[in-house]
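Inspection log for the structure reproduced underneath, given as C-alpha cells.
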Amino acid sequence: MPELPEVETVRRGLQPVMEGAKIVVAEARRPDLRFPFQPDFVARLQGQVVTGLGRRAKYLMADLASGDVLLMHLGMSGSFRVIKPDNDAAPGEFHYPRGKDTTHDHVLFRMSSGADIVFNDPRRFGCMKVIARNALEDEPLLRGLGPEPLGNEFDAAMLARSCEGKTTSLKAALLDQRVVAGLGNIYVCEALHRSHLSPRRIAATLSTRKGEPTDHAKRLVGAIHTVLNDAIKAGGSSLRDHRRTTGELGYFQHSFKVYDREGETCKTPACGGTIKRFNQNGRSTFWCRKCQK
DNA sequence: CGCAATACCTGGGTGC
DNA sequence: TGCACCCAGGTATTGC
C-alpha cells in the first residue's frame, strides 16, 4: 500500500492521539508479521509515554520515554485506524464490532488519550520492532536507507551521484531505497511522467561524464518534490487498502497522470499519447511513450 | 560486484 | 458455483 505520502498521512493521523499519551495496553494477536515479534515487544511498550511520532522513509517511529523507539512499517497492505474504546469493556480488553475487515487486526494499543489504535495488515508484509534510540544507527532496517526525498540533502547533484555508473533503469534506481528513501511504484511512475523521462532510461544518464547533474536530474528532483507534496496535501492515494486513520480515503489517485491509466489519454498538454503499461523488474510501469524520453 | 528474479502473504478480479 | 490464474502500493534474500 503505502509510500511516503500515505505513511506521512498516517503519521499525522496518529500524532494527536499518540504524542504525549501513554500506551496503557499493548497487544499482539499473532506471533509474527513479516518476522516474529520480539519476546519483550509488549513489555517494552506497555506503560510507556510516547514523546514523539516521526517518520523516516516509509517507517513510522514512535519515541518512548524509556529511550526505546517503536519502528512500524505498513508493508503492502497495512493500515491504522483510531477508534473509541468501549467503556463497558474490561480495562485490558478491546471490544469493538468484528467483521470481515477486522480479521487481520494484528496489533492494538490502548492510549491514555482515550483512543484505541488498531493495526490491520492482511498480507503481513508490515513489521514492528522496538529498538534502543542510542542503537538507531546500527538498526539493519534503517541502516541502508538513502536520503529523504523531501529533505534538504536530496538534490539533483546527490541523485546524479548515487546513480553514477548504474546500468539499471531509472525506474529501478528510483525504487531502490538506498538511492532515495520513500518512493514506491506509484510515485516513481508519476514523477517520471511529470519530468518527461522514460522509465527505461539508463540511470547513469542523470549525470555527465564529469559527474555533474544533467537537466534531466534537476527536472526529476523537481517532479519528485511536487508529486510528493501534492500527494501529502491530498491525504495520499487510496487504491485498495490505504485509509486515513479515521477510515476516510485519500484522494490523490484522482490526480494520477499515468498510474493505473493504461489505455487512457496522456494528460500532458498537447501530447495526445496513450498511456501504456509494461513489466519492469516484476512491477507494472505506466508511462507515455510519446512525451517521456 | 550489480542486477534480476524470487519469496514472503492474502484477497480481489477475471476468464473458463 | 468453482477453480485456476493473475494482479496488487514493499523489501530481504538468492543466484547469476
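Numbers restart at 1 for each chain; the letters A, B, ... are given by sequence-line order, proteins then strands.
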Nearest whole Å is fine: how far is [N] [atom2] from [X] [atom1]?
{"X": "A:Asn185", "N": "C:dG10", "atom1": "CG", "atom2": "P", "result": "6 Å"}
{"X": "A:Arg283", "N": "C:dC7", "atom1": "CZ", "atom2": "P", "result": "13 Å"}
{"X": "A:Leu175", "N": "B:dA4", "atom1": "CG", "atom2": "C1'", "result": "13 Å"}
{"X": "A:Asp121", "N": "C:dT11", "atom1": "CG", "atom2": "P", "result": "13 Å"}
{"X": "A:Leu74", "N": "C:dG10", "atom1": "CG", "atom2": "P", "result": "11 Å"}
{"X": "A:Phe35", "N": "C:dT13", "atom1": "CZ", "atom2": "C1'", "result": "15 Å"}
{"X": "A:Leu142", "N": "C:dG10", "atom1": "CG", "atom2": "P", "result": "17 Å"}
{"X": "A:Arg124", "N": "C:dA12", "atom1": "CZ", "atom2": "P", "result": "18 Å"}

Select one nucleotide: of [options], the one nearest the side-chain heavy atoms of [X].
{"X": "A:Arg123", "options": "B:dG2, B:dG11, C:dA8", "answer": "C:dA8"}
{"X": "A:Pro122", "options": "B:dC3, B:dG11, C:dT11", "answer": "B:dG11"}
{"X": "A:Tyr259", "options": "C:dA8, C:dA12, B:dG11", "answer": "C:dA8"}
{"X": "A:Leu141", "options": "C:dT11, B:dG11, C:dA12", "answer": "C:dA12"}
{"X": "A:Asn281", "options": "B:dA4, B:dC3, C:dC7", "answer": "B:dA4"}

Are [X] and [N] close enough that a side-chain N or O sits under 4.0 Å from OP1 or OP2?
{"X": "A:Lys100", "N": "B:dG11", "value": "no"}
{"X": "A:His73", "N": "C:dT11", "value": "yes"}
{"X": "A:Lys166", "N": "B:dG2", "value": "no"}
{"X": "A:Ser77", "N": "B:dC9", "value": "no"}
{"X": "A:Gln177", "N": "C:dT11", "value": "yes"}
{"X": "A:His104", "N": "B:dC9", "value": "no"}

Carboxylate-amine/guanidinium contact [X] [Y], below 4.0 Å:
{"X": "A:Lys58", "Y": "A:Glu3", "answer": "no"}
{"X": "A:Asp105", "Y": "A:Arg29", "answer": "no"}
{"X": "A:Asp121", "Y": "A:Arg124", "answer": "no"}
{"X": "A:Arg161", "Y": "A:Glu164", "answer": "no"}

Are [X] and [Y] close enough that some pair of their side-chain heavy atoms sits under 4.5 Å apart?
{"X": "A:Val82", "Y": "A:Thr246", "answer": "no"}
{"X": "A:Val258", "Y": "A:Glu190", "answer": "yes"}
{"X": "A:Arg81", "Y": "A:Tyr96", "answer": "yes"}

Ring centroids of A:Phe125 and B:dC8 base under 5.5 Å with planes under 30°: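 Yes; centroid distance and tilt both under limits.
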message: Does atom CZ (A:Arg178) have a neighbourhood of more than 12 heavy atoms from anything else shown, all under 6.0 Å?
response: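 Not buried by this count: 12 neighbours or fewer within 6.0 Å.
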- request: Mind listing the closest non-hydrogen atom pair of A:Val50 and A:Ala62 along with its distance?
  value: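 Reported closest heavy-atom pair: CG1-CB, 4.2 Å.
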Using a heavy-atom cut-off of under 4.0 Å over every strand shown, decide if [X] touches base, sugar-phosphate, or nothing.
{"X": "A:Arg277", "result": "sugar-phosphate"}
{"X": "A:Gly184", "result": "sugar-phosphate"}
{"X": "A:Tyr187", "result": "nothing"}

- request: Determine the interatomic distance between C1' on C:dT11 and the same-named atom on B:dG12; round to the nearest Å.
  value: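 C:dT11 and B:dG12 have their C1' atoms separated by 23 Å.
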query: On a whole-Å scale, what distance lies between the P atoms belonging to C:dT14 and B:dC9?
result: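 Their P atoms lie roughly 15 Å apart.
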task: Would you please classify the geometry between the A:Phe252 ring and the A:Phe256 ring as parallel, tilted or perpendicular, with 30° and 60° separating the classes?
output: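 The arrangement is perpendicular - the two ring planes meet at more than 60°.
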query: In dot-bracket notation, what is the pairing pattern of DNA chain B, taking Watson-Crick (N1-N3 plus N6-O4 or O6-N4) and G-U wobble (N1-O2 and O6-N3) contacts under 3.5 Å, with [ ] crossing and | for other strands?
result: .|||||||.|||||||
message: Just to be sure I understand the geometry, which residues of residues 231-239 of chain A put a non-hydrogen atom under 4.0 Å away from DNA chain C?
response: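 Per residue number, the list reads A:Ser237, A:Leu239.
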task: Quick one: pull up CG in A:Leu183 and NZ in A:Lys171 and give me the separation to the nearest 0.5 Å.
output: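 So the CG of A:Leu183 and the NZ of A:Lys171 are separated by 11.5 Å.
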